[in-house]
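What follows is a single structure, written as structure tokens, with notes after it.
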Amino acid sequence: MPLSKITAIAAVIALTAISASAPAQTLPTVVVDPAIATMTNDELVKARQDAMKEDGGILRTAAALTGDDAVAAATTLLQNFTNFPALFREGSITPDSHALPIIWQQWDEFEGIFKDAQLGATKMLEAALAEDDLAYGDAVRGLTQICGECHQTYRGR
């Protein structure tokens, strides 16, 4: 099971437990998956590629999601965007990587994109929990733009 699926399942379980015992607006505490610290470069590349593919799939269908499905999608995105900076440990380029070396030359800007994406995913999650379809749709569109911005500058091939 890819790392992103494991973290998504854990985040959904945590969110479900929190939702059952707290007001609807309580957000889960999301932290970088500790398993990332021990990954090899090949594992980092695979994990970030899997998470990005997962995010792309979610964002293509997210606008149509409601209820628990929208909450789960936003939670997965938030976890993945939290993990991404750690998945780009300096030097983690392999023959399978699409990451450009400019990432590490412009680390603050690169990391800033993920912080923006985390904020966007948080807004998406808040809107999903509040069942605010307008805000949810706005957050989805915003995240799609952030992904495109990052890929234009930092992704090869």
Side-chain angles (χ1 to χ4, degrees), residues 1-22 25-62 65 68-126 128-129 139-140 142-157:
M1 186 178 284
L3 171 69
S4 57
K5 297 235 186 264
I6 294 168
T7 55
I9 291 168
V12 170
I13 291 169
L15 179 61
T16 302
I18 290 169
S19 296
S21 64
Q25 291 301 313
T26 301
L27 298 178
T29 300
V30 180
V31 297
V32 175
D33 185 329
I36 293 171
T38 61
M39 288 182 173
T40 66
N41 285 345
D42 287 330
E43 291 168 331
L44 290 169
V45 169
K46 177 152 180 26
R48 66 188 183 222
Q49 288 176 345
D50 288 349
M52 285 188 190
K53 286 176 188 171
E54 180 178 43
D55 288 356
I58 289 170
L59 288 170
R60 278 189 289 283
T61 62
L65 300 176
D68 291 342
D69 292 334
V71 170
T75 301
T76 298
L77 291 170
L78 179 57
Q79 183 63 60
N80 286 346
F81 288 125
T82 299
N83 285 341
F84 278 132
L87 290 170
F88 283 90
R89 186 170 53 231
E90 189 162 3
S92 61
I93 294 180
T94 68
D96 293 329
S97 176
H98 300 266
L100 296 175
I102 193 171
I103 288 170
W104 296 279
Q105 296 163 4
Q106 297 180 356
W107 182 256
D108 291 341
E109 293 87 351
F110 180 72
E111 189 176 35
I113 290 172
F114 289 122
K115 288 180 182 177
D116 291 344
Q118 289 170 24
L119 179 60
T122 299
K123 288 180 181 179
M124 184 179 165
L125 180 54
E126 289 170 340
L129 290 168
V140 170
L143 282 173
T144 300
Q145 290 174 341
I146 291 169
C147 291
E149 174 187 331
C150 188
H151 283 216
Q152 287 177 346
T153 305
Y154 299 108
R155 182 178 190 260
R157 292 190 243 171

For the residue pair Asn83 and Asp33, confirm or rule out a side-chain donor-acceptor distance under 3.5 Å.
no
If you apply the rule side chain to side chain contact (heavy atoms under 4.5 Å, CB included), what do you find for Leu27 with Leu78, and how did you get there?
CA-CA 11 Å; Leu27 298 178; Leu78 179 57; over 6 Å; no
Return the CG to CD1 distance between Asn80 and Ile58, rounded to the nearest 0.5 Å.
6.5 Å
Donor-acceptor pairs are to be reported for all side-chain atoms of residues 37-44 against protein atoms at under 3.5 Å, with residues two or more places apart or in another chain.
from: Thr38; atom 1: OG1; to: Ala35; atom 2: O; distance (Å): 3.1
from: Thr40; atom 1: OG1; to: Glu43; atom 2: N; distance (Å): 3.1
from: Thr40; atom 1: OG1; to: Glu43; atom 2: OE1; distance (Å): 3.4
from: Asn41; atom 1: ND2; to: Gly91; atom 2: O; distance (Å): 3.3
from: Glu43; atom 1: OE1; to: Thr40; atom 2: N; distance (Å): 2.8

Apply side chain to side chain contact (heavy atoms under 4.5 Å, CB included) to Asp55 and Phe84, showing your working.
CA-CA 11 Å; Asp55 288 356; Phe84 278 132; 3.2 Å; yes
Rounding to 0.5 Å, atoms CG (Leu59) and CD1 (Ile146) come to a distance of 10.0 Å
Counting only N and O atoms by type, is there a donor-acceptor contact under 3.5 Å from the side chain of Gln106 to the main-chain atoms of Thr153?
no
Pairs in or reaching into residues 96-105: which pass side-chain hydrogen bond (donor to acceptor under 3.5 Å, both in side chains), with residues at least two apart or in two chains?
Arg48-Ser97
Between CD1 on residue Ile36 and CG on residue Leu87, distance to nearest 0.5 Å:
4.0 Å
Which donor-acceptor pairs under 3.5 Å do side chains of residues 108-122 form with protein atoms, sequence neighbours excluded?
from: Glu111; atom 1: OE1; to: Trp107; atom 2: NE1; distance (Å): 3.4
from: Gln118; atom 1: NE2; to: Phe81; atom 2: O; distance (Å): 3.0
from: Thr122; atom 1: OG1; to: Gln118; atom 2: O; distance (Å): 2.8

Measuring only between side-chain heavy atoms, which start at C-beta, is Met52 closer than 4.5 Å to Arg155?
no
Provide the closest heavy-atom pair for Leu125 versus Pro28 in the form atom of the first, atom of the second, distance.
CD2-CD, 3.7 Å
Just so I know, are the side chains of Leu143 and Met124 near enough to count as touching, which here means a heavy-atom distance under 4.5 Å?
yes
How close do Val45 and Ser92 get, counting heavy atoms only, and between which atoms?
CG2-O, 3.5 Å
